Amino acid sequence: MESNNIFDVIILGAGAAGLTAGIYLSRAKTRTLILNEGMVGGQIVLTHEVANYPGVENISGYQLATTMKKQALSFGCEIKQNIKISKLDLSGKIKTVFVGEEKYTAKAVIVATGGRSRELNAEGEDTFKGRGISYCATCDGDFYTGMDIIVVGGGNSALEEAVALTTYAKTVTIVHQFDHFQAFEHAIETAKNNDKIRFILSSKIENFKGEEKLQKVVIKNLEDGTKNEMLIDGVFILIGYQPNSEKFKEHVTINKYGEIPTDLKMTTNLPGVFAAGDIREKQIRQIATAVSDGAIAAINAIEYIQK
Amino acid sequence: MTLMTSLEHVVTAAQHAEIVENNETVMICCGRMGPMCLPVYDAMDELKEEYPNIKFMDMLFDSPEAHVIRNAAECAGFMGLPFTMYYKNGKVVKATSSIQSKEQIKEILDGSLS
Ligand SMILES: Cc1cc2nc3c(=O)[nH]c(=O)nc-3n(C[C@H](O)[C@H](O)[C@H](O)COP(=O)(O)OP(=O)(O)OC[C@H]3O[C@@H](n4cnc5c(N)ncnc54)[C@H](O)[C@@H]3O)c2cc1C
């Protein structure tokens, strides 16, 4: 193995948590590598405008991520993005991570792999992505000007985006699997008071149909089992985020939601393996809390490797 | 009117025609500076070195000149940004709508554009 593949700490994930850990570790002269599946920045890049990150009044998510990346690189942190992790061994004193055939080792690993948009996993979903199915209302909303669309979901983002989409769409039907919403009262009220918004509750989309693009969906009523076809121009799926923890299932303890439990030092059940950010079992998932986790994990990783 | 990326930009419809005509293999991503588009530009930027024979460019979706992509027959039914076009010998060989990972792009480059 090339000696330049030997690190003190490997961070998996370059979102807010991973980049912060990278900044702290590299600034402390700890040889650090961040391996990221996808684009650096993670979910921050999905945020058009961040208005609640202290010290920065208004910034696009992309700009914030770019600045964090620059900061980490300036301290000597190495970052590899758009890679695929092929194999992991986190159990021993020396941890190994494979990217294809390339082997990297470290004394400690920080898992900061965050989350991704949840998919419905309904028939036809893959076929109509970008052809009537979208996961980003701000990106694709204007394609549906004057059209009839569905928003799937019952949380804050689904209700808020449904209201925002009424700027373009003729009608917005919210399809939700429960008979109540998991959103703030004001978000529910705003949606209910909007003339363009209709509700189909206790129901789910079972099937997406169309030819060149999406034309109809099959909606199943979960109370009586009946199914109805509905003609529709577009469907926005906004049903929350799921943790990117599949690759760690055989390595660290994961709870029933797919999150990694840690103690206050961000330590997992495995010595030398830390977790930070949205991947952790925690209450609030925000940039500020991810950054906080990253700093704590980094400082404790330094303490661990110096023992 | 261009995007703020480190890729080369297609600015006019005439330039688009010239590039597609004069280069054997071309990939053009037509989008905005949004979350579904940025990862595609980023992956293209990385792929430039790996595929020196392919011309990687972007184009601003909201530019009036981008009608050459927005209204292309291959984009009929597209409802998600970005619209990404792959050209070989002056012809569209593949077009995709919405975000694509670096792996998905590579599959197209190694398939339709090889
Ligand atoms: C649309 C949207 C808007 C939001 N708006 C705000 C806001 O305004 N303010 C705020 O404070 N918070 C906001 N949040 C929440 C905030 O973005 C997240 O809590 C925070 O960014 C999480 O950071 P993270 O580093 O834990 O994970 P992520 O940002 O998810 O980063 C994880 C990274 O790991 C990579 N990865 C995944 N699997 C692997 C693997 N196996 N190996 C290596 N890398 C991997 C991913 O590609 C990603 O780059 C928003 C979230 C979303 C989705």
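All values derive from a computational prediction rather than experimental measurement. Letters go in sequence order (proteins before strands), and every chain restarts at 1.
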Chemist: Suppose we count any N or O donor within 3.5 Å of an acceptor, strictly below that value; which pairs fall between chain A and chain B?
Modeler:
{"residue": "A:Q81", "atom": "NE2", "partner": "B:D42", "partner atom": "OD2", "Å": "2.8"}
{"residue": "A:Q81", "atom": "NE2", "partner": "B:E46", "partner atom": "OE2", "Å": "2.7"}
{"residue": "A:N82", "atom": "ND2", "partner": "B:E46", "partner atom": "OE1", "Å": "3.1"}
{"residue": "A:G130", "atom": "O", "partner": "B:M79", "partner atom": "N", "Å": "2.7"}
{"residue": "A:G130", "atom": "O", "partner": "B:G80", "partner atom": "N", "Å": "3.3"}
{"residue": "A:G130", "atom": "O", "partner": "B:S97", "partner atom": "OG", "Å": "2.6"}
{"residue": "A:D140", "atom": "OD1", "partner": "B:L81", "partner atom": "N", "Å": "2.9"}
{"residue": "A:D142", "atom": "OD2", "partner": "B:R32", "partner atom": "NH1", "Å": "3.3"}
{"residue": "A:D142", "atom": "OD2", "partner": "B:R32", "partner atom": "NH2", "Å": "2.6"}

Chemist: Looking at B:G34, B:A76, B:C37, which makes the most heavy-atom pairs under 4.5 Å with chain A?
Modeler: B:A76
Chemist: Just grab all the disulfide bond (SG atoms under 2.5 Å apart) pairs involving residues 65-114 of chain B, residues at least two apart or on different chains.
Modeler: none
Chemist: Might you point out which heavy atoms bring B:M79 and A:G132 nearest each other, and give the distance in Å?
Modeler: CB-N, 3.8 Å
Chemist: Just to verify, what does B:F83 make a ring-ring contact (aromatic ring centres under 6.0 Å, His included) with, not counting sequence neighbours?
Modeler: A:F143, B:F61, B:F78
Chemist: Residues in side chain to side chain donor-acceptor pair (under 3.5 Å) with A:S245, at least two apart?
Modeler: none
Chemist: Above 12 or not: heavy atoms from other molecules or residues under 6.0 Å from CZ of A:R118?
Modeler: yes
Chemist: Looking at B:P35, B:G31, B:A43, which one has more heavy-atom pairs under 4.5 Å with chain A than the rest?
Modeler: B:P35
